[in-house]
> 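Dropping the structure in here first, questions after.
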2 protein chains.
Amino acid sequence: MNRTVIIVAGGAGRRMKLDVPKQFALLAGIPILMHTIKLFYSYSTDLEIIVALPEQYADYWNELCAKFQFKICHKIALGGETRFHTVKNSLLLSVKKELIAIHDGVRPFVSKETIERCYRLAENKGTAVPCVPIPESIRMVQGNNNFPANRDQYRLIQTPQVFQWPILNKAYEQSYSIEFTDDASVVEKAGFPIYLTEGNYENIKITTPADLVFAEALMKRQRENLS
Amino acid sequence: MNRTVIIVAGGAGRRMKLDVPKQFALLAGIPILMHTIKLFYSYSTDLEIIVALPEQYADYWNELCAKFQFKICHKIALGGETRFHTVKNSLLLSVKKELIAIHDGVRPFVSKETIERCYRLAENKGTAVPCVPIPESIRMVQGNNNFPANRDQYRLIQTPQVFQWPILNKAYEQSYSIEFTDDASVVEKAGFPIYLTEGNYENIKITTPADLVFAEALMKRQRENLS
């Protein structure tokens, strides 16, 4: 089946206290979002790549592409009010319409193995979501009370979340709900089961300054391993 | 109230695939455990410091202290079969017996503010456990099924976990149970309520090689900020 990836970079980056949204912050000298796009391109040059950007940053992105001589071919979708609306806008741009991965622009460390596992599982089962175990003890909080919880019963959810086109398209025909925290939740609400597969531990979402410190260290290690 | 800390470094480090347990792995040139001890000492030089080690590494630790000219005064407790037994052994060494913090030896990035918050809350309420929000979406797994879960209802649990002596002592008079995943679970089983407070995001438990990469980067940043 033909493969598409929608890379969602619609956030305004308020948590990072940066002048620009976090997807444009520099990591090893180039914007995080470019690392993420390069990673999918190096996974497969046949991929249809759609990048969803906040409307007010479309020109800025074009300037960045010129400045960094970024040549990987991709379509631009404009971000909507919420992630749901952003993905919905992005779906309109897909011409391949078979297997659609949706990935966070600020996750530049997803492994090729994780991407491949997700596409394969979705090709077989219709949906695929990568996850990893929770590395620490957890507790449940309700009002002023808190209770022990068994971390083995939970998984941290990552992206890319991959879906067959008819499933995803049908899911995004629903009206928006605040319950929609990720694409899996939208698809699940439409009545489709979610299949989990193994993610990779390094596949972090860069949302805080500490994450950026970790990201720089991971990038440095990757380069040392390659050289 | 007088303050004691038990630093638990009883693990055999199998997950790290290291020649030595992870608490002895070098971070910025010195063993992780020494960073952790130094951190509590710099928090308060009045602290009673007890370090719990695997029995077979007691001599090795003495050699490390000589090699690295590590002079901070601490008592050595020998690790038991499980963490429960290790803490129980360590409690026997406390002479101050008022406020007891129990901290993971492989968490060298707990902030002084977190330590202070935990001691203060335990002084007021009897128990104190630091925690942070879960930074990603989570799902619950049961057999072959999985369900959405609201991450806002859960917290990642850290250390130091601090308790007033009579509570902790009573809790550790119980027989061992496999439900005892941390000290809070032991104390809770004895019928005492657990009070949560804010931890710090950088207060990671170093258990994998990727954690060590992150730790090196955090350490480097701390040193740059200090200089």
Side-chain angles (χ1 to χ4, degrees), chain A residues 15 104 107 109 129 131-142 144-159 161 179-185 188-189 193-196 199-205 207-222, chain B residues 15 104 107 109 129 131-142 144-159 161 179-185 188-189 193-196 199-205 207-222:
Chain A
R15 260 196 289 184
D104 296 324
R107 289 193 193 261
F109 295 105
V129 169
C131 65
V132 291
I134 298 186
E136 316 242 27
S137 294
I138 60 172
R139 292 182 74 84
M140 191 183 212
V141 177
Q142 281 176 342
N144 287 325
N145 298 318
N146 67 89
F147 310 95
N150 181 356
R151 66 172 165 148
D152 296 338
Q153 291 179 343
Y154 298 86
R155 297 290 182 277
L156 293 174
I157 298 304
Q158 303 182 335
T159 70
Q161 301 186 353
E179 291 165 46
F180 295 158
T181 53
D182 62 357
D183 305 290
S185 61
E188 189 164 45
K189 187 77 186 288
I194 299 299
Y195 291 89
L196 298 179
N200 59 293
Y201 184 73
E202 296 82 2
N203 182 18
I204 58 162
K205 189 171 181 175
T207 52
T208 68
D211 295 334
L212 202 52
V213 170
F214 186 29
E216 287 285 358
L218 276 179
M219 199 52 81
K220 188 158 169 276
R221 190 179 62 162
Q222 283 186 354
Chain B
R15 262 196 289 184
D104 295 325
R107 288 193 194 261
F109 295 105
V129 169
C131 65
V132 291
I134 297 185
E136 317 243 26
S137 294
I138 60 173
R139 293 182 73 84
M140 191 183 213
V141 177
Q142 280 177 344
N144 287 325
N145 298 318
N146 67 89
F147 311 95
N150 180 358
R151 67 172 165 149
D152 296 338
Q153 290 180 342
Y154 298 86
R155 298 289 182 279
L156 293 174
I157 298 304
Q158 303 182 333
T159 71
Q161 300 186 353
E179 291 164 48
F180 294 157
T181 53
D182 62 358
D183 305 289
S185 62
E188 189 164 45
K189 187 78 185 289
I194 298 300
Y195 291 89
L196 299 180
N200 59 292
Y201 184 74
E202 296 81 3
N203 182 18
I204 58 162
K205 189 170 180 175
T207 52
T208 69
D211 295 334
L212 202 52
V213 170
F214 186 30
E216 287 286 358
L218 276 178
M219 199 52 81
K220 189 159 168 275
R221 189 179 64 162
Q222 282 185 354

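Owing to the predicted nature of the structure, the values given are computational and were not obtained by experimental measurement. Order of the sequence lines fixes the chain letters, A, B, ..., with proteins taken first and strands second; residue numbering starts at 1 for each chain.
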> Quick one: what part of A/Y154 sits under 4.5 Å from any heavy atom of chain B, side chain, backbone, both or neither?
both
> What's the spacing between B/N146 CG and B/I138 CD1 if we round to 0.5 Å?
12.0 Å
> Sort B/Q153 into side chain, backbone, both or neither according to what part of it lies under 4.5 angstrom from a heavy atom of chain A.
both
> Under 4.5 Å, counting heavy-atom pairs only, tell me which of B/E188, B/E202, B/K220, B/R221 racks up the most with chain A.
B/E188
> Which bit of B/A210 comes within less than 4.5 Å of chain A, counting heavy atoms only: side chain, backbone, both or neither?
both
> At what distance, to the nearest 0.5 angstrom, does CG of B/D104 lie from CD of A/E136?
8.5 Å
> Select, from A/M140, A/R139, A/E216, the one with the greatest count of heavy-atom pairs under 4.5 Å involving chain B.
A/R139
> Just how far is it from atom OG1 of B/T181 to atom CG of A/D152, taken to the nearest 0.5 Å?
9.5 Å
> Below 4.5 Å, heavy-atom pairs only: which of B/V213, B/L218, B/V129, B/I204 has the largest tally toward chain A?
B/V213
> Distance from B/L196 atom CG to B/R155 atom CZ, nearest 0.5 Å?
8.0 Å
> Indicate yes or no: at least one non-hydrogen side-chain atom of B/Q158 is less than 4.5 angstrom from one of B/C131.
no
